[in-house]
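To start, the structure under review is shown below, and the notes come after it.
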Number of protein chains: 2
Amino acid sequence: MSINYCNPEKIKDLFTKYMEIHNLRKTMERYSILHHICMIQGHFDVEMLQKRLDEDNFHVSRASIYNTIMLLLDARLIVRHQFTTQLVEYELQAAAETHHHAFCNYCGAIKEVKETHLRKEMTQLRITKFTYEYHSLYIYGMCSKCKFRLSRKHKKENNNNI
Amino acid sequence: MSINYCNPEKIKDLFTKYMEIHNLRKTMERYSILHHICMIQGHFDVEMLQKRLDEDNFHVSRASIYNTIMLLLDARLIVRHQFTTQLVEYELQAAAETHHHAFCNYCGAIKEVKETHLRKEMTQLRITKFTYEYHSLYIYGMCSKCKFRLSRKHKKENNNNI
DNA sequence: TTTACTGCAAATATTTTGCAATATC
DNA sequence: GATATTGCAAAATATTTGCAGTAAA
């Protein structure tokens, strides 16, 4: 149930500005990658992104995708998530800043959590000899489905022992 | 400047208890790996851990190190950090819970931040349909050294333009 | 005695790199 | 026209897996 709170045109303009400042070339590949990222609801990984581009008949090499993702990270237009060892995911910064992430340790589900109070506190955090730029907060635990499933399993096992 | 706030004996006992509950075998390898982790000040990676074990004439295979790390993560005795794409690091949970981490985007330095207020708030966080177990908070920004270095570089460039 | 665990090597997965071709400025 | 960027394939890196031997229970 994630909504992209993004304005694709605005994000594109920010990227253009970023590339101009850094004397980078504004290639079709880079714009196309960003465009498809804006079209994805929620998280994505490199695999998924390339598949979407291919489906849209715009093939971009793996190397270029990694290159562009690096630029977008540096431009602070996307953020990187890694909840488990296996999978690296990304998300539009514009979408990510609207919520925290709660990860279920038992089924891997990711729940988006609105919590403006905490976010405000952290943005106001002052660390000595350190200039705050951004942060990431991941909350780990058990989702309600798993809690229900595991409590039933537990009951069943106890009954079997009688 | 990181201190291991660990009591190796206590941590070993917790691991023993964990293995007994889960019907796992208490092997020399597993205890040796945990022992060496307790001896490391601050963060470590798989490479470093194996090197330390080898230096102590206790060779353990890569596979067993990964296996044991997985158990220790599951037992909540160590935590996993990944500040960048390249490097996965681990840390004793007992040490990690005493601080947050602030990562410098420009030189990669990791600063440990004492901030009990935030930690308490997060532990008290209640999310609907979700049972909190633990969280991770990373703060990203610029350390004072890089700020100084970059401001000097900037000044120098401006002078050259005159 | 049973079988979980280990070491080793091979397999898998992910990301980076070298280089010739191409497209941007 | 100069050169940054791309695609491709190969290389580098990190993690997992299969299997035979070993050791914990």
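Letters A, B, ... mirror the listed sequences (proteins, then strands); counts begin at 1.
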Nearest atoms (heavy-atom pairs only) where B:Cys107 meets B:Cys143:
SG-SG, 3.8 Å

Nearest heavy-atom approach of B:Ile33 to B:Ser64 is CD1-O, 4.0 Å

Determine: side-chain N/O of B:Thr27 to OP1/OP2 of D:dA23, distance under 4.0 Å, yes or no.
no

Any side-chain N or O of B:Arg25 less than 4.0 Å from the OP1 or OP2 oxygen of D:dT22?
no

Ring geometry between B:Tyr18 and B:Phe15 (parallel below 30°, tilted from 30 to 60°, perpendicular above 60°)
parallel

Using the ring of each side chain (for Trp, its six-membered ring), is B:Tyr134 parallel, tilted or perpendicular to A:Tyr140, with breaks at 30° and 60°?
parallel

By nearest nucleotide on DNA chain D, pick out whichever of B:Met70 and A:Arg30 is the more 5' one.
A:Arg30

Residue closer to the 5' end of DNA chain D, B:Lys26 versus B:Tyr66 (nearest nucleotide)
B:Tyr66

Determine to 10° how strongly the helix from C:dT1-D:dA25 to C:dC25-D:dG1 is bent, judged from the axes of its five-pair ends.
40°

Length of the [atom1]-[atom2] vector between [X] and [N], whole Å:
X	N	atom1	atom2	value
A:Asn67	D:dG7	CG	P	10 Å
A:Ile65	D:dG7	CD1	P	8 Å
A:Met28	D:dT6	CE	P	12 Å
A:Tyr31	D:dT6	OH	C1'	17 Å
B:Glu47	D:dT15	CD	P	11 Å
B:Leu24	D:dA23	CG	C1'	15 Å
A:Leu53	D:dG7	CG	C1'	14 Å

Thinking salt bridges, do A:Glu20 and A:Arg25 make one under a 4.0 Å N-O criterion?
no

Do B:Glu89 and B:Arg80 sit within salt-bridge range, that is, some charged N less than 4.0 Å from a carboxylate O?
no

May I ask you to establish whether B:Lys111 and B:Phe103 are in a cation-pi arrangement, using a distance under 6.0 Å from NZ or CZ to the six-membered ring centre and at most 45° from the ring axis?
no

With a strict under 4.0 Å distance from non-hydrogen atoms of chain B, what nucleotide opens and what nucleotide closes the contacted stretch of DNA chain C, reading 5' to 3'?
C:dT3 to C:dT16

Candidate pair A:His100 and B:His135, rule side-chain hydrogen bond (donor to acceptor under 3.5 Å, both in side chains), full reasoning
CA-CA 11 Å; A:His100 298 303; B:His135 69 265; over 6 Å; no

In terms of the nearest nucleotide of DNA chain C, which residue is placed more toward the 5' end: B:Ala63 or B:Asn23?
B:Asn23

With a 6.0 Å cut-off on the ring centroids, do B:His81 and B:Tyr138 count as close?
yes

